[in-house]
Amino acid sequence: MADPDETPPRETLFEAPPMAEQERMVEAILFATAEPVTVAELAGRMPHGCEPAQALEHLRRRYEGRGVGVVRVGDAWAIRTAPDLGFLMRKETVETRKLSRAAIETLAIVAYHQPVTRAEIEEIRGVSVSRGTVDQLLEMEWIRFGRRRMSPGRPVTFVVTETFLDHFGLESARDLPGLKELRSAGLLDNRPPPGTPAPGDEDDDGEQAALFEDE
Amino acid sequence: MADPDETPPRETLFEAPPMAEQERMVEAILFATAEPVTVAELAGRMPHGCEPAQALEHLRRRYEGRGVGVVRVGDAWAIRTAPDLGFLMRKETVETRKLSRAAIETLAIVAYHQPVTRAEIEEIRGVSVSRGTVDQLLEMEWIRFGRRRMSPGRPVTFVVTETFLDHFGLESARDLPGLKELRSAGLLDNRPPPGTPAPGDEDDDGEQAALFEDE
Amino acid sequence: MIGAEVFEGGVAERLAAEALIVDVDGFEGPLDLLLTLSRTQKVDLRQISILALAEQYLAFVEQAKALRIELAADYLVMAAWLAFLKSRLLLPPDPTEEGPSGEELAAHLAFQLERLQAMREAAAKLMARDQKGRDFFSRGLTEDVARVRTVRWTATLLDLMQGYARIRTRDEFRPFVMDREAIMTMEQALDRMRHLIGFAGDWTDIASYLPEGWETDPARRRSSTAATFAASLELAKEGKVELRQAETFAPIQLRRRDRHG
């Protein structure tokens, strides 16, 4: 590869094409080649006496601020989309999918029992909570980390977010229907949990309220 | 496609990006693909309120005389290297399947006489057209089926495609070399042999003219 | 095969004819052959003598026959038609004869030849154009439009409530029969009371007929009270007991009837 700076003004046997023409050539080659092209390859493809490095530099400058630009890729050069226009190369499609049962249950427990630790969620659900489920809810910004629990190990707690409240049209998590309402809506069985006194319903609400106060 | 000249200065609800920016966007989109892109596609990918037809025109002018250029292919637009620089591209040259004489003639007849039935191709060439020839051209996507002819048997017609136009660097089928001369010499007429009833002749010609004009 | 045949005429002429004949497969049909033959007239296709052309073609077919070369049927059909055309062109027109005149037929053949020639030239011009992938090129390093699929997860308040209800009821799931532990049917109460009323000589609060242990659990109390009350009414209807109540919401009392009846 000839370094243009080192090349003295030459008297070549063959007249090299004018620089503007060389620039056109580099442009066409960079455009049509499937891979980035090195200066040596350019030289090999252009007529004798051409100075691809210099032509390349002209071209690079010409494309400055354009929708595409001449960029260096390792030892080679290529024409690429301007970084700020990358959004044009994406076709966004939004797909709405129902949250999985595990995620809904986890979310419900966080909403009703917040702040709640992972261990507590698992205890209530009776099954372990996968990392993916919690991550998904965190990513959706429906739950977030709350204060650490002042208990051994200082476990992190989860609480619901404003985004969650927005989505469900709730002013606060306290607006969530209580067990009583769930029951009267037929969502909970009329049977009281064994060993739990029936008025425990109110206890639950009280407990929930207390937890919210804690927030 | 919207004619930029006809578009009145609009008051849009959303501020469209400045024309220079729109030009960059069209540039990026056209550079990113090997296929011609329609104005509608451009509009679909650019922000609301953009005028791709106008931006295209700016871009086309900007690339005049450069190593690559903005070319029209039917209803779509693409960037192609300047034909005079083809010699630099030996590496990129794709060895196209050698077309038989029959295939080349059939292609030319479809291009100049479209929409044309197989019987008409045979009448012009004075020999039956083999299935393989038509299949090859269909497979290359240089010809496709057009509307059925409103004549007895409702024969299928053939027309050339955008891929054909793209391959031969034609803006539209109207730009076929020598089309005007052939037409004025009456050589594109569907002249039936004397003594045979020629139903639907005028219709055919009307249809053909319409198709070309329609482009 | 051809070389073995004896051909009449000069060597050069023979070779030319043989070349033409041998190339029969190279012709794209009789029209193509006619076009090739027409070139020997060295005139514009518009001034061509169709009569001379017909004679040339017929001579060609004769030569092929002499060389025992089998010509495809359409060449022979064309020969027959040209023979007919030739006779039409040579003989004075017969006014009784219907159909197109020899001149009309000849003009159409000339048109066909000219049209085929024009298409040949158009095809050549087309193929001489700059072609993509040979003279000009499309983008080599394409950037595909990435289809970014964003999944938006959604749930309704009902989903949430149902989910929570599901968790809260899951622990309580027991076989159905077990559930009846807290429920007393009227039949059970009746059965129980029939045995007990024998001892109820005096007015007794029906609440005292509740089975042991059922009065503390609210659910059991509710169920057994209802069942006992219904059973009491049933016994009264049967005439076995009397019922009384001092006032609304006062305790309901019961005593056996037969003793006093």
Legend entry - Non-hydrogen atoms of C:G29 and B:V127 that approach each other most closely: CA-CG2, 4.0 Å

Legend entry - C:D135 with B:R80: basic N within carboxylate O range, under 4.0 Å: no

Inset, instruction - Could you check which of C:M78, C:E104, C:E121, C:M127 has the highest count of heavy-atom pairs closer than 4.5 Å to chain B? - result: C:M127

Legend entry - Pairwise distance CZ(C:F136) to CG(B:D84) - rounded to 0.5 angstrom: 13.0 Å

Legend entry - Portion of B:L182 that has a non-hydrogen atom of chain C nearer than 4.5 angstrom: side chain

Inset, instruction - Considering only heavy atoms and a distance below 4.5 Å, find which of B:I79, B:L88, B:I104 pairs most often with chain C. - result: B:I104

Legend entry - Distance, nearest 0.5 Å, that separates CZ of C:R120 from CZ of B:R125: 7.0 Å

Legend entry - C:K125 NZ to B:Y112 OH distance, which is reported to the nearest 0.5 Å: 6.5 Å

Inset, instruction - Determine whether B:L165 and C:K132 make a side-chain contact, defined as any pair of heavy atoms from C-beta on separated by less than 4.5 Å. - result: no

Legend entry - chain B contacts, top residue of C:L141, C:L126, C:D32, C:D130 (heavy-atom pairs, under 4.5 Å): C:L126

Inset, instruction - Calculate, to the nearest 0.5 Å, the distance between atoms OG and CD belonging to B:S128 and C:E28 respectively. - result: 10.0 Å

Inset, instruction - Hey, could you give me the CD/CG distance between C:Q117 and B:L187, rounded to the nearest 0.5 Å? - result: 10.5 Å

Legend entry - Top contributor to chain B interface from C:A128, C:A123, C:G133 [non-hydrogen pairs under 4.5 Å]: C:G133

Inset, instruction - Any chance you could measure C:L116, atom CG, to B:I124, atom CD1, to the nearest 0.5 Å? - result: 9.0 Å

Legend entry - Proximity breakdown for B:E123 and chain C, heavy-atom pairs closer than 4.5 Å: both

Inset, instruction - Please state whether the side chain, the backbone, both or neither of B:A28 comes within less than 4.5 Å of a heavy atom of chain C. - result: neither

Legend entry - chain C contact residues among residues 29-38 of chain B, heavy-atom distance under 4.5 Å: B:F31, B:A32, B:T33, B:A34

Legend entry - Residue, of B:A78, B:G178, B:A102, that accumulates the most heavy atom pairs under 4.5 Å with chain C: B:A102

Inset, instruction - Taking the side chain as every heavy atom from C-beta outward, state whether C:M119 and B:L188 have any atom pair closer than 4.5 Å. - result: yes

Inset, instruction - Heavy-atom distances under 4.5 Å only: say whether C:R129 touches chain B with side chain, backbone, both or neither. - result: side chain

